[in-house]
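Each remark here refers to the structure printed beneath this line.
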Amino acid sequence: MCTSIIYTAGDSYFGRNLDLEISFGQEVVVTPRNYPFSFRKMPSLDHHYAITGMALVEDGYPLYFDGANEEGLGMAGLNFDGPCRYFPEDPAKDNVTPFEFIPYILGQCKNVTEARKLLSNLNLVKIDFSAKLHLSPLHWLIADKSGEAIVVESTAEGLNVYDNPVGVLTNNPEFPKQLLNLSNYQSISPAYPENTLIPEVKLNTYSRGFGSRFLPGGMDSESRFVKEVFTKAHAPKGKSEIENITNYFHNLHAVEQQKGLDQVAPGQFEYTIYSDGINLTTGTFYYSTYGNNQINAVKLEKDRLDQTELLQYPLQSEQAINFQN
Ligand SMILES: C[C@H](CCC(=O)NCCS(=O)(=O)O)[C@H]1CC[C@H]2[C@@H]3CC[C@@H]4C[C@H](O)CC[C@]4(C)[C@H]3C[C@H](O)[C@]12C
C-alpha cells in the first residue's frame with residue numbers, strides 16, 4: 001500500500017510513502033533534458049523536461065516510482081491490484097506502457113492541463129519491461145504546482161481520468177469510491193463536538209481530541225485515505241520552505257506503516273520504506289527512509305540539466321542521530 005499527496009503552503013510539495021515488504025534498490029534519479037527516452041510504441045523523446053524522482057535504474061533506464069519535472073508537474077504510481085487492466089496495442093491510440101508512463105507525461109507536460117491533453121488519446125499497453133521485470137498494477141496521482149490534481153486509472157472500462165479535489169491517493173478501491181467513502185466521515189473535526197446525542201444531559205468529557213474519535217486508523221487503503229484527507233485538510237501552512245517540508249512529512253507520517261503491523265505473508269510485513277516530497281517550484285527533492293528519520297535533500301542543479309547521463313544519488317538509509325553531548 002502507499003499514500004501520495006500534494007500539499008500546498010506557499011509552494012506545493014508532492015510525493016508519497018512507499019509501503020512494501022521488499023526494497024527494489026531504488027535511488028534518487030535526475031534524468032536530464034538530453035537523456036534519450038525511447039518508447040516501445042511511440043517515437044523517442046531526445047529532448048524533454050528534466051525529471052527528479054525515486055527510480056530503479058534497470059539496463060540504464062530509470063523506472064520511476066514517483067517524481068516531478070522542472071516545470072512543477074508531479075506524478076506517482078501506486079499499487080492498484082484488482083481493478084487495474086492494461087490493454088493490447090490499439091493503432092488508433094498513443095500506446096504507452098505503464099513503466100514508460102511517468103517519463104512520457106513528465107517529459108512533455110508543464111501542468112495538469114497539458115497532461116489531460118496527452119491522456120485523452122492514451123492507451124496503457126500491456127508490454128513488460130523485460131522477461132524478469134513484469135508490469136505491476138498501478139494507478140497514478142498527477143498534480144502540478146498550482147495544486148491541481150487528477151487520478152488516472154486503467155480498468156476494464158478503459159482509461160479513466162478523475163479530478164482529485166482532495167489531493168490524496170492511496171490504493172483500492174477505484175477513486176470515485178474512495179471519494180464517496182469520505183461522506184461517511186463528514187463530522188470528523190479538530191474541534192470538540194457538540195452534544196447532539198442528548199443535549200439536555202451534561203456529558204462528562206475525559207479527553208481532548210474528541211472531534212477525531214471516529215477517524216479510521218488502520219493500515220488499509222480506505223482508512224489511510226480518510227485519515228490523510230483529514231490530516232492534510234487541517235494542516236497549518238508555514239512561512240518558510242523548511243517549516244513547510246516539515247509539515248509535509250508530518251502529514252505523510254500520519255499514515256506511515258510501522259514494521260510489524262501489516263502482515264502480507266507469515267512472518268512478512270509491509271512497512272513504509274521511504275517517504276519523499278519535492279518542492280514543485282524549486283525542484284528540491286526531500287526524502288527520509290524507514291531506518292533514517294533525518295530529512296535528506298537533493299537540490300536541482302540547473303547547470304547540470306543539459307547533459308545526457310542520469311544523475312544518481314543512492315539513498316542515505318543509515319540512522320542519523322544528532323548527539324548533543
Ligand atoms: C510496489 C510499489 C507500490 C507499493 C505498494 O502499493 N505496495 C503494496 C503492495 S499490496 O497492494 O499491499 O499488495 C510500486 C510503486 C511503483 C512501482 C514500480 C514502477 C516502475 C516499474 C514499473 C514496471 O511495470 C514494474 C517494475 C517497476 C519498478 C514498479 C515496481 C513496483 O510495482 C512499484 C515499486
Side-chain angles (χ1 to χ4, degrees), residues 1-5 14-29 31 37 39-41 51 53-68 74-87 95-107 123-142 151-154 168-175 178 218-225 228 252 255-266 268-276 287 289-290 310 312 315:
M1 303 284 173
C2 298
T3 306
S4 179
I5 63 171
F14 176 90
R16 62 105 59 79
N17 282 342
L18 184 115
D19 305 340
L20 203 62
E21 61 283 9
I22 45 147
S23 204
F24 276 87
Q26 65 280 352
E27 53 192 345
V28 182
V29 180
T31 303
F37 268 126
F39 295 98
R40 300 293 166 99
K41 299 288 171 190
I51 301 170
M54 205 63 97
L56 168 70
V57 178
E58 192 72 13
D59 301 331
Y61 185 89
L63 288 163
Y64 276 105
F65 302 6
D66 52 85
M75 183 162 173
L78 286 78
N79 217 56
F80 190 48
D81 202 3
C84 182
R85 296 281 181 285
Y86 300 133
F87 295 94
N95 294 283
V96 174
T97 76
F99 67 80
E100 299 164 337
F101 194 23
I102 290 184
Y104 181 77
I105 296 293
L106 297 189
N123 180 42
L124 283 177
V125 62
K126 199 173 171 178
I127 303 173
D128 288 337
F129 179 77
S130 64
K132 190 178 109 208
L133 209 52
H134 297 259
L135 290 183
S136 43
L138 301 174
H139 60 174
W140 291 266
L141 179 65
I142 303 180
V151 171
V152 180
E153 297 186 336
S154 185
V168 177
L169 184 66
T170 60
N171 308 93
N172 288 349
E174 293 94 328
F175 190 67
Q178 291 277 23
M219 300 289 134
D220 61 291
S221 57
E222 261 189 359
S223 297
R224 281 181 289 109
F225 188 75
E228 187 58 26
L252 272 183
V255 291
E256 178 189 26
Q257 302 203 35
Q258 291 79 14
K259 281 185 180 175
L261 300 187
D262 184 355
Q263 183 172 343
V264 294
Q268 228 190 0
F269 297 89
E270 182 174 305
Y271 63 97
T272 301
I273 291 182
Y274 70 78
S275 305
D276 67 22
Y287 73 90
T289 69
Y290 193 85
L310 298 176
Q312 294 170 242
L315 297 193

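In listed order, ligands and their atoms are each counted from 1. Keep in mind that what you see is a predicted model, and the values were worked out from it rather than measured. Residue indices begin at 1 and follow the sequence shown.
A cation-pi geometry, defined here as NZ or CZ lying under 6.0 Å from the six-membered ring centre and within 45° of its normal, holds between Arg40 and Phe129. Cation-pi geometry between Lys259 and Phe269 is not satisfied (NZ or CZ under 6.0 Å from the ring centre, within 45° of the ring normal).
For the side-chain hydrogen bond (donor to acceptor under 3.5 Å, both in side chains) with Thr272, the qualifying choice from Thr289, Asp19, Asp262 is Asp19, the only one to do so.
Taking every non-hydrogen atom of Asp19 and a distance limit under 4.0 Å, the qualifying atoms of ligand 1 come out as 4 (C), 5 (C), 7 (N), 8 (C). Interface of Phe99 with ligand 1, defined as ligand atoms under 4.0 Å from a residue heavy atom, comprises 22 (C), 23 (C), 24 (O). The contact set between ligand 1 and Leu20, taken as ligand atoms under 4.0 Å from a residue heavy atom, comprises 1 (C), 7 (N), 8 (C), 9 (C).
Here Leu135 has heavy atoms under 4.0 Å from ligand 1 in both its backbone and its side chain. Neither the backbone nor the side chain of Phe129 comes within contact range of ligand 1; no heavy atom lies under 4.0 Å.
Remark: distances from the non-hydrogen atoms of Glu58 to ligand 1 are all 4.0 Å or more. Between Cys2 and ligand 1 there is a heavy-atom distance shorter than 4.0 Å. Every heavy atom of Leu78 sits 4.0 Å or more from the atoms of ligand 1.
Of all the heavy atoms in Cys2 and Arg224, the pair that sits closest is O-NH1, 2.7 Å.
Aromatic ring pairs are classed by plane angle as parallel below 30°, tilted from 30° to 60° and perpendicular above 60°; the pair Tyr86 and Trp140 is tilted.
At a 3.5 angstrom cut-off on N or O pairs, Glu270 counts as close to ligand 1. Taking any N or O of Ser136, backbone or side chain, at least one lies under 3.5 Å from an N or O belonging to ligand 1.
Ion pairing between Lys41 and Glu100 fails under the 4.0 Å rule for side-chain N and carboxylate O.
Of the inter-residue distances, the one linking Ser275 atom OG with Leu252 atom CG reads 5.5 Å to the nearest 0.5 angstrom.
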